[in-house]
Number of protein chains: 2
Amino acid sequence: MAVHDDNIDIAILGGHLAGTLITPSTRIPGVLMVHGWGGNRKQYLDLAREVAALGCICLTFDLSGHEATEARRESVTREENLADILAAYDVLARQPTVDPSQIAIVGSSYGGYLAAIATTQRPARWLALRAPALYMDNGWRIPKRQLHTDQDLIGYRLQSIAADKNRALAACASFAGDVLLVESQFDNIVPHETLMNYVDAFRRAHSLTYRVIDEADHGLVEQGARDAYISLLVHWLEEMLLGARGRVRKKTSAVRGSDLSEAGLIRK
Amino acid sequence: MAVHDDNIDIAILGGHLAGTLITPSTRIPGVLMVHGWGGNRKQYLDLAREVAALGCICLTFDLSGHEATEARRESVTREENLADILAAYDVLARQPTVDPSQIAIVGSSYGGYLAAIATTQRPARWLALRAPALYMDNGWRIPKRQLHTDQDLIGYRLQSIAADKNRALAACASFAGDVLLVESQFDNIVPHETLMNYVDAFRRAHSLTYRVIDEADHGLVEQGARDAYISLLVHWLEEMLLGARGRVRKKTSAVRGSDLSEAGLIRK
């Protein structure tokens, strides 16, 4: 373990003593959590506390247009929200106890979509996307809300989309870290087909873990579904951290094409 | 692992985002190192770096009357030097990453003598004394240098002294943590008899590890002797930390009376 020295003064009555503090480099992974459209950072607190207990530093934050800046809900753009994520990432990566080579980005829905894109602008070792949404590339700087009237998102999300035809999928196609993809079985916002587009895009991933939460809706309204998601993410991250800490390192649950039916870890 | 939340602001263009940073309590042991009379903190740097690499924060410091305050060498008292140790201890224990319930004090010669006394005023879980000196209790506030003319220290250190007749031995008798005692085989300042007084005093210690460094002098002039001491201390501390971290917890090398001849771990 690397160590470093700091010279310090120790105050005593009438003066001070010269001291040297020798400290080990105990940097730990950082986990950035990006909420979905209409969500907030507090939704991630339970999850963040469980993840922090694994020995990580977690950062949750409110995207522009949410909570304190809700007044901007109708005008905020994808470009602005992506900039939010990068700003939060930089704050996390700069924490003195965070190892910037060990950052995970966790996102849900709209936050998952932007999290995928963020990996093209900041290094991420791990990427966990729950019910990641998809939007067409055009209109990047128009209000996000307006996309829902300008774009046929329902139809778009049911299509098979090649990775090079969408900015988020292209980001996934170039991502070389470990991936967790979580689908809600009864998701009427982000359908199974969208998840399959993501699965197909992660062709360079170091590992891919795809899971379905049974009977869950898009927003995980039921406590049981939220608990299942927390359990899924915590166990996946635990496995990833074990690997990163050098004890095990293996491909996990890579699921492709016809194997998908076996992928539901927590199906009852 | 306990975690805690901190609300932070994340600066973005034209404003900021509300964030919450969730951090695990990754507090680690602290090790305070007290040099002997005429020594300095730099003598402990090699050792401190090895100990820090075990995952501890180490503090070495110059006692009053040494280095920058060498002008006070002739006047400094035991009382002042004990106050130095307590001040340094408090700085170490207040480090945000130090677990104040896991502090080790390591001292040599005069520094070992004072380290033993310091355990009556500050909690220490581990105590490592190398060639700890002994002084008579009287004259506590007169210059330390003067003790060598006022007291027959050579004779005193050859005597068998009951723990209740000496402040440092009394401190050892009430110490309930784990102890490492290291003797130099050819020590013409602190003889074997003094070490035996310390061994006998540690009757409440949770464990006692007594070792002799073969052919070593009091000051460990030879590099080989210094290396042996570093190795001894690092291995002992490693075992102690393993226990503290909950993996093993056992009495180690408790040596009493007639077993002492077997105690020289690193005799050639």
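Within every chain, numbering begins at 1; the chains are lettered A, B, ... in the order of the sequence lines, protein sequences first and strands thereafter.
- A:D5 touches chain B through its side chain: at least one heavy atom from C-beta onward sits under 4.5 Å away, while N, CA, C and O do not.
- Interatomic distance, B:I12 CD1 to A:T69 OG1, rounded to the nearest 0.5 Å: 7.0 Å.
- In this structure, B:Q121 places its CD atom where more than 12 heavy-atom neighbours from other residues, nucleotides or ligands lie under 6.0 Å away.
- Using a 4.5 Å heavy-atom threshold, the side chains of A:E80 and B:L13 count as separate.
- Pairing each heavy atom of B:A87 with each of A:A11, the nearest pair is CB-O, 3.7 Å.
- Counting heavy atoms from C-beta on, the side chains of A:D84 and B:I10 never come closer than 4.5 Å.
- A 4.5 Å side-chain heavy-atom check between B:L59 and A:I8 finds at least one atom pair inside the cut-off.
- In this structure, the side chains of B:L63 and A:L17 stay at 4.5 Å or more apart for every pair of heavy atoms.
- For the options A:C58, A:G30, A:G19, A:A88, heavy-atom pairs under 4.5 Å to chain B are most numerous at A:C58.
- Pairing each heavy atom of B:P24 with each of A:A52, the nearest pair is CB-O, 3.1 Å.
- With values rounded to the nearest 0.5 angstrom, B:T20 atom OG1 is found 3.5 Å from A:R41 atom CZ.
- Heavy atoms of B:Q95 lying under 4.5 Å from chain A belong exclusively to its side chain.
- The number of heavy atoms from other shown groups lying within 6.0 Å of CD (B:E238) is above 12.
- Looking at A:A18, the atoms closer than 4.5 Å to chain B (heavy atoms on both sides) sit in the backbone and in the side chain alike.
- The contact between A:N7 and chain B is made entirely by side chain atoms (from C-beta outward), counting heavy-atom distances below 4.5 Å.
- With a threshold of 4.5 angstrom between heavy atoms, A:L92 approaches chain B through side-chain atoms but not through N, CA, C or O.
- Neither the backbone nor the side chain of B:A68 comes within contact range of chain A; no heavy atoms are under 4.5 Å apart.
- The closest side-chain heavy-atom distance from A:I22 to B:I57 is not below 4.5 Å.
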